[in-house]
2 protein chains.
Amino acid sequence: MVSLKLSSFTHFFSSPSTTAISHRSPIILRRRFRQPLAATFSAKSTAAETTKDKVDNSKNKVPDRVITPRSQDFNAWYLDIIAHAELADYGPVRGTMVIRPYGYAIWESIQEYLNVKFKETGHSNMYFPQFIPYSFIEKEASHVEGFSPELALVTIGGGKELEEKLVVRPTSETIVNHMFTQWIHSYRDLPLLINQWANVTRWEMRTKPFVRTLEFLWQEGHTAHSTPEEAENEAKQMIDIYTRFSYEQAAIPVITGRKSKVETFAGACKTYTIEAMMGDRKALQAGTSHNLGQNFSRAFDTQFTDENGQREYIWQTSWAVSTRFVGGIIMTHGDDAGLMLPPKIAPIQVVIVPIWKKDDEKMTVLNAALSVKEALQSSGIKVKLDDSDQRTPGWKFNFWEMKGVPLRIEIGPRDVSSGSVVISRRDIPGKQGKVFGISTEPSILEAYVKDKLDEIQSSLLERAIAFRDSNIVDVSTYDDLKAAISQGKWARGPWSASDEDELKVKEETGATIRCFPFEQPQGIKRCLMTGDPAEEVAIFAKSY
Amino acid sequence: MVSLKLSSFTHFFSSPSTTAISHRSPIILRRRFRQPLAATFSAKSTAAETTKDKVDNSKNKVPDRVITPRSQDFNAWYLDIIAHAELADYGPVRGTMVIRPYGYAIWESIQEYLNVKFKETGHSNMYFPQFIPYSFIEKEASHVEGFSPELALVTIGGGKELEEKLVVRPTSETIVNHMFTQWIHSYRDLPLLINQWANVTRWEMRTKPFVRTLEFLWQEGHTAHSTPEEAENEAKQMIDIYTRFSYEQAAIPVITGRKSKVETFAGACKTYTIEAMMGDRKALQAGTSHNLGQNFSRAFDTQFTDENGQREYIWQTSWAVSTRFVGGIIMTHGDDAGLMLPPKIAPIQVVIVPIWKKDDEKMTVLNAALSVKEALQSSGIKVKLDDSDQRTPGWKFNFWEMKGVPLRIEIGPRDVSSGSVVISRRDIPGKQGKVFGISTEPSILEAYVKDKLDEIQSSLLERAIAFRDSNIVDVSTYDDLKAAISQGKWARGPWSASDEDELKVKEETGATIRCFPFEQPQGIKRCLMTGDPAEEVAIFAKSY
């Protein structure tokens, strides 16, 4: 039963002071093992080990033991994976994060896919300054209310106190509208469809690597339209792209829907969201798309001349996915052995571990391993050959499992003689996931590997769907809802009650409305809280 | 003769206040013409024009007139191109810049090339937080001296005064070293080769779009090595990558060399640079690569255990190219008609302008234009079909010339009948650059277009080399140097004088040592200033 309070999820990363340099928890430091960073950054092979390294090495024979079991402490498990798989590290300023190469490569996979989809749907990339005059933030009433507690402010520039404080962007709607007002004149300038890849800053008190950090990376789309229908279609189109990405690339079966009024973005008319169920059954809001209506265009006087010569305010949307998604991938697929990456976003899809005992075997095995690597690489598969001689094959097996690589190829002297390899799946532990005697004939091997990668991709999604569906309970009363939430599950039930009732649920159960899902059951419904007619079911869950 | 003072280059963009919202110069506003933004962002076709638009349109029949001639006022010409080709706009905070889609697409071309080269040479991307504790900046003596006047400081976070001020990164050496100290333990962790694509902030007083802005985008590479030789090789390898990029992609014949001690990066032992000659013959430092020696590792105690078990400080490099490079491209190749882009970095390599008079011709011409577009696109050429019916072909010719598109294809009814097109080169004006009767048979047309694009690429480079070489004067005395500089040229001469002499040259002529070029003349040399023996020639020039 997972019933940790929010603070227990974050105390490793948060510190009560707002500015103090963060001190890594001694627990994390103790657990931290020294695997050769160089292996990640270059293929340079090295010579004899120092005494100190030998000591480290003896520890490292069982690297899997250093990860806290997921069932024992989900938060500790999550932080262990991030440290040991070298996804991220703590920045010197409280709540900031250094994204390390392996973690950044996952973000690059996300970027590559989305960037293409954005361009296919007519959006252009551009870049807005990150410093926003403080007065801009104040222009849209609910926007300032939502963001002002979280702002980082620049007050000194070039050694001088500034006349007006500058906000380090928490999101860019205000500065975007300031520019749109200058660029948009007539209906012929619309639609205006843009996106930027950028860093944003929100002064969060409770932080957690990837999930909620003081600074994070994201893309933010901003669009302007001449009709409300067009803006609504755009907002839905973009949440649909996020949904497809989640299912098809990240193997995360998100539930897509509309936020309640209480949970709508500060300044939006409607917020669409993709909600993902993590391994501890808490919900993660993994992406949002907002129909902003005319809220910002009225605040910034962004008007256009329509086809009849009338001046009108533009209709807008904004939508974003951030590095938080990397946290969602970790918490959806990982297990006790560590990270488990869907092949389509894995920076390394196949790791080759050569095995030899005698020196005369080494050359033969390494040559065979290299041929396999080149064959797979030339067919577009992302392969890593771990030819380091500082670690045993067993250590390497555990290490790359912990790093979540979908497939492992083992090659020993006997395999070389028989022209075959052994292939193990990350998602099926032990002998069941291991197949012997796969031919190294390039066309056969490539086809086999691609086939297996596809199988793993589907299998991860199916598993996540089964997990999700077995943890959503249909409820028709508030008591049902409370029971479901106290079991750590999601509750789905008809809802037409007030904002006050929604806040009462939050206070009494810790759960919030995650969304009114697009997929709705047929038939007449009665609100679980009031018994009044309800048009829709809502999903309630505890969340990150 | 170009002899504008620095202030005249920047008064459009700078304002005396450090924080005031920038007010666009009325000159720029007056010159600004309204071309349909929608054409850039979507292919949406529209209906009748409003009266207001008709007025605009009549102006737009001669859009080339709105660009100040280059020979008349280089700075005004540069700013006109940036505004009219929609490369960038002014941000609301003084000295900040909004990079618009067409300008950002040029930056994406730069990124795509460099990102691949960095990975090929073993570097991994990652991301460091942009907030750096103020105390970090103070650790390396010359670094703090170089950067402290330019810092933007966050003093308030989440509504509270911070205990320690945070620097918005001007560059990341300090935070990188803070992290390297935690990641690097033994020689086996080296080399550590990383890069990040990020925004950086420097509180510059005199700003100019792309060339010097308060916030800009760049990549910054950071590497750690176990020997000084390895660090030196790395620094040289990276300046070599920048040099190749400049010549082969941007068609900019930079001069590569070493900075003088006075001009070396704050905290570096050696700075290598690529120096480009702009159209006004001022120099632009377009990229740098620093050998940092052990300066930062000593300041941050970044040590490793070598093969003999001894603790040693690491040897480091850092290297960067920024959005400034976009300014370099504009100022190298542009002419009175506007921007001129080298095909390899042009977001649009070919624009197709269909021409029709009668309505019954329109369909035939547009269909033929579409076929040409699809044929070229499928062979990897970046094509834009300007099928809008709101502008005349003549207007479109001028507009796309102004945007610097390397090749234009014209298709009219007679061309359709004869199965051919007319092709015009951006780099050769008028009839000389125009060829009639190129067959629309896909294989012939594709081959012809690719061939022409290659020719233009080479031709731009050759032209820039000729311009550069005719504007570098070999000097052997200080009088020679003064004469060359006063003619707006670069002076190249033997130099072994003191730092004080170097500063005197700057004070008296406005020129600085741009570099000691890697390519050095043979033979015994005497310092142009002192007459003492000199090992190297230096290049002096006024610069941005």
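Computed from a prediction, not measured in an experiment: that's the story for all the values here.
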At what distance, to the nearest 0.5 angstrom, does CZ of B:Phe128 lie from CZ of A:Arg100?
9.0 Å
Which atoms of B:Glu108 are under 4.5 Å from chain A, going by heavy atoms: the side chain, the backbone, both sets, or neither?
side chain
What distance do B:Thr96 atom OG1 and A:Ile132 atom CD1 have between them, rounded to the nearest 0.5 Å?
10.0 Å
Using every non-hydrogen atom in the two residues, find where B:Val93 and A:Phe131 come nearest and quote the distance to one decimal.
CG2-O, 3.6 Å
Output the option from A:Leu217, A:Ile175, A:Thr201 having the highest count of non-hydrogen pairs under 4.5 Å with chain B.
A:Leu217
So B:Glu215 and A:Tyr127, do their side chains get closer than 4.5 Å, heavy atoms only?
yes
Measure the OG1-CD1 distance between B:Thr155 and A:Ile156 for me, rounded to the nearest 0.5 Å.
5.5 Å
Please check if atom CD in B:Gln377 has more than 12 non-hydrogen atoms from other residues, nucleotides or ligands closer than 6.0 Å.
yes
Looking at every heavy atom in both A:Gln182 and B:Asp89, which two are closest together, and how far apart are they?
OE1-OD2, 4.4 Å
Flag the pair B:Leu162 / A:Trp203 as yes when at least one side-chain heavy-atom distance between them is below 4.5 Å, and no otherwise.
yes
Hey, could you give me the CH2/CE distance between B:Trp107 and A:Met126, rounded to the nearest 0.5 Å?
16.0 Å
Rounded to the nearest 0.5 Å, how far does CG of A:Asn199 lie from CZ of B:Arg169?
6.0 Å
Do you know which two heavy atoms are closest between A:Pro129 and B:Gly91, and how far apart they sit?
CG-CA, 4.2 Å
Distance, nearest 0.5 Å, that separates CG of B:Leu153 from NZ of A:Lys160
14.0 Å
Tell me whether B:Glu163 is salt-bridged to A:Arg94, with the criterion being a basic N under 4.0 Å from an acidic carboxylate O.
no
Residue, of B:Gly103, B:Ser148, B:Ala105, B:Pro149, that accumulates the most heavy atom pairs under 4.5 Å with chain A
B:Pro149
Could you go through B:Val98 and A:Trp183, starting from their C-alpha distance and side-chain angles, then the distance that decides it, and tell me whether this counts as side-chain contact (heavy atoms from CB on, under 4.5 Å)?
CA-CA 12 Å; B:Val98 181; A:Trp183 297 334; 3.7 Å; yes
